[in-house]
Amino acid sequence: MTRWLAVGSLLGLIVLGLAWEIWLAPLREGGSWWAIKVLPLCIPVAGLLKNRMYTYRWVSLLVWLYFTEGVVRAWGDAWPSSGLAALQTLLCTTLFVACALHVRIRFKAAKATGNFVPVPRD
(Lines give C-alpha, C1' and ligand atoms only; values in the text may rest on other atoms or scores of the structure.)
Protein backbone atom coordinates (compact mmCIF):
# COMPACT_ATOMS: atom_id res chain seq x y z
CA MET A 1 0.00 0.00 0.00
CA THR A 2 2.85 2.40 0.78
CA ARG A 3 4.23 1.87 -2.70
CA TRP A 4 1.00 2.93 -4.41
CA LEU A 5 0.48 5.79 -1.98
CA ALA A 6 3.96 7.09 -2.87
CA VAL A 7 3.38 6.73 -6.61
CA GLY A 8 -0.07 8.32 -6.36
CA SER A 9 1.08 11.31 -4.37
CA LEU A 10 4.09 11.82 -6.68
CA LEU A 11 1.83 11.76 -9.74
CA GLY A 12 -0.54 14.10 -7.90
CA LEU A 13 2.31 16.54 -7.32
CA ILE A 14 3.23 16.45 -11.01
CA VAL A 15 -0.36 17.04 -12.16
CA LEU A 16 -0.93 19.75 -9.55
CA GLY A 17 2.29 21.56 -10.46
CA LEU A 18 1.45 21.58 -14.16
CA ALA A 19 -2.18 22.59 -13.68
CA TRP A 20 -1.26 25.25 -11.14
CA GLU A 21 1.37 27.00 -13.25
CA ILE A 22 -0.37 26.62 -16.62
CA TRP A 23 -4.13 27.00 -15.97
CA LEU A 24 -5.31 27.39 -12.40
CA ALA A 25 -3.21 30.21 -10.92
CA PRO A 26 -0.13 30.97 -13.04
CA LEU A 27 2.28 33.69 -11.98
CA ARG A 28 1.76 35.39 -15.35
CA GLU A 29 -1.37 35.60 -17.48
CA GLY A 30 -1.52 32.80 -20.05
CA GLY A 31 0.72 30.38 -18.17
CA SER A 32 4.09 30.42 -16.54
CA TRP A 33 7.48 28.86 -17.24
CA TRP A 34 7.45 27.81 -13.59
CA ALA A 35 5.69 24.67 -14.82
CA ILE A 36 9.15 23.23 -15.46
CA LYS A 37 9.51 22.83 -11.69
CA VAL A 38 7.80 19.43 -12.06
CA LEU A 39 10.58 18.01 -14.25
CA PRO A 40 12.67 16.77 -11.27
CA LEU A 41 9.54 14.98 -10.02
CA CYS A 42 9.25 13.04 -13.29
CA ILE A 43 12.66 11.39 -12.83
CA PRO A 44 11.77 9.08 -9.89
CA VAL A 45 8.46 7.79 -11.29
CA ALA A 46 10.09 4.81 -13.01
CA GLY A 47 12.16 3.97 -9.92
CA LEU A 48 9.12 3.98 -7.67
CA LEU A 49 7.18 1.82 -10.12
CA LYS A 50 10.12 -0.62 -10.26
CA ASN A 51 10.19 -0.65 -6.44
CA ARG A 52 13.82 0.51 -6.16
CA MET A 53 14.77 1.18 -2.57
CA TYR A 54 17.32 3.84 -3.48
CA THR A 55 14.64 5.87 -5.27
CA TYR A 56 12.36 5.83 -2.22
CA ARG A 57 15.21 7.08 -0.08
CA TRP A 58 16.21 10.06 -2.22
CA VAL A 59 12.62 11.03 -3.08
CA SER A 60 11.97 11.40 0.64
CA LEU A 61 14.70 14.09 0.62
CA LEU A 62 13.72 15.76 -2.67
CA VAL A 63 10.13 16.24 -1.58
CA TRP A 64 11.16 18.74 1.11
CA LEU A 65 11.99 21.34 -1.57
CA TYR A 66 8.41 21.19 -2.81
CA PHE A 67 7.09 21.14 0.75
CA THR A 68 8.98 24.35 1.48
CA GLU A 69 7.61 26.01 -1.64
CA GLY A 70 4.10 24.94 -0.67
CA VAL A 71 4.37 26.34 2.84
CA VAL A 72 5.83 29.65 1.66
CA ARG A 73 3.22 30.11 -1.07
CA ALA A 74 0.35 29.00 1.17
CA TRP A 75 1.37 31.66 3.65
CA GLY A 76 2.14 34.49 1.23
CA ASP A 77 0.02 34.05 -1.92
CA ALA A 78 -3.60 35.05 -2.44
CA TRP A 79 -6.45 32.65 -3.17
CA PRO A 80 -6.54 30.35 -5.25
CA SER A 81 -2.76 29.98 -5.23
CA SER A 82 -2.69 29.62 -1.46
CA GLY A 83 -5.18 26.75 -1.60
CA LEU A 84 -3.16 24.99 -4.28
CA ALA A 85 -0.03 25.47 -2.18
CA ALA A 86 -1.78 23.91 0.81
CA LEU A 87 -2.72 20.94 -1.37
CA GLN A 88 0.90 20.67 -2.52
CA THR A 89 2.02 20.65 1.12
CA LEU A 90 -0.44 17.86 1.90
CA LEU A 91 0.75 15.79 -1.08
CA CYS A 92 4.39 16.32 -0.07
CA THR A 93 3.69 15.15 3.47
CA THR A 94 1.85 12.10 2.14
CA LEU A 95 4.73 11.28 -0.21
CA PHE A 96 7.31 11.58 2.56
CA VAL A 97 5.36 9.40 4.98
CA ALA A 98 4.71 6.77 2.29
CA CYS A 99 8.39 6.65 1.31
CA ALA A 100 9.60 6.51 4.91
CA LEU A 101 7.17 3.72 5.81
CA HIS A 102 8.01 1.79 2.66
CA VAL A 103 11.74 1.89 3.43
CA ARG A 104 11.12 0.90 7.04
CA ILE A 105 8.89 -2.03 6.07
CA ARG A 106 11.41 -3.29 3.51
CA PHE A 107 14.30 -3.05 5.98
CA LYS A 108 12.32 -5.01 8.57
CA ALA A 109 11.41 -7.67 6.01
CA ALA A 110 15.04 -7.97 4.87
CA LYS A 111 16.21 -8.29 8.45
CA ALA A 112 13.60 -10.95 9.22
CA THR A 113 14.57 -13.07 6.21
CA GLY A 114 18.31 -12.73 6.77
CA ASN A 115 18.92 -10.69 3.62
CA PHE A 116 19.90 -7.64 5.62
CA VAL A 117 23.53 -6.58 5.34
CA PRO A 118 24.48 -4.21 8.15
CA VAL A 119 26.68 -1.23 7.42
CA PRO A 120 30.15 -1.70 8.96
CA ARG A 121 30.98 0.77 11.69
CA ASP A 122 34.41 2.08 12.59
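Residue numbers run from 1 in the order of the sequence given.
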I want to check something: taking the side chain as every heavy atom from C-beta on, are [X] and [Y] in contact at a cut-off of under 4.5 Å?
{"X": "Val15", "Y": "Val38", "answer": "no"}
{"X": "Phe96", "Y": "Trp64", "answer": "yes"}
{"X": "Val7", "Y": "Val45", "answer": "no"}
{"X": "Leu101", "Y": "Val97", "answer": "yes"}
{"X": "Leu24", "Y": "Pro80", "answer": "no"}

Nearest-0.5 Å distance, [atom1] of residue [X] to [atom2] of residue [Y]:
{"X": "Thr89", "Y": "Trp75", "atom1": "OG1", "atom2": "CH2", "answer": "12.5 Å"}
{"X": "Leu18", "Y": "Trp34", "atom1": "CG", "atom2": "CH2", "answer": "14.5 Å"}
{"X": "Cys42", "Y": "Leu13", "atom1": "SG", "atom2": "CG", "answer": "11.0 Å"}
{"X": "Leu49", "Y": "Arg3", "atom1": "CG", "atom2": "CZ", "answer": "6.5 Å"}
{"X": "Glu21", "Y": "Ser81", "atom1": "CD", "atom2": "OG", "answer": "7.0 Å"}
{"X": "Arg57", "Y": "Arg106", "atom1": "CZ", "atom2": "CZ", "answer": "10.5 Å"}

Applying a strict under-4.5 Å side-chain criterion to I, L, V, M, F, W and Y, I'd like to know whether [X] and [Y] cluster together.
{"X": "Leu10", "Y": "Ile105", "answer": "no"}
{"X": "Leu65", "Y": "Leu87", "answer": "yes"}
{"X": "Leu5", "Y": "Phe107", "answer": "no"}
{"X": "Leu11", "Y": "Val59", "answer": "yes"}
{"X": "Tyr54", "Y": "Val63", "answer": "yes"}

May I ask you to decide if [Y]'s main-chain N or O and [X]'s side chain share a donor-acceptor pair within less than 3.5 Å?
{"X": "Gln88", "Y": "Gly17", "answer": "no"}
{"X": "Thr94", "Y": "Leu90", "answer": "yes"}
{"X": "Tyr56", "Y": "Leu48", "answer": "yes"}
{"X": "Ser9", "Y": "Ala6", "answer": "yes"}
{"X": "Tyr66", "Y": "Lys37", "answer": "yes"}

List the atom of [X], the atom of [Y], and the distance in Å for their closest heavy-atom pair.
{"X": "Gly47", "Y": "Thr55", "result": "CA-OG1, 3.6 Å"}
{"X": "Pro26", "Y": "Trp23", "result": "CD-O, 3.8 Å"}
{"X": "Leu84", "Y": "Ala25", "result": "CD1-CB, 4.0 Å"}
{"X": "Cys99", "Y": "Ser60", "result": "CB-CB, 4.0 Å"}

*For Trp20 and Arg73, what are the C-alpha separation, side-chain angles and deciding distance, and is it a side-chain contact (heavy atoms from CB on, under 4.5 Å)?*
CA-CA 12 Å; Trp20 181 0; Arg73 290 185 74 177; 3.4 Å; yes
*Does CH2 belonging to Trp58 count more than 12 external heavy atoms closer than 6.0 Å?*
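For Trp58, atom CH2 is crowded (more than 12 foreign heavy atoms under 6.0 Å).
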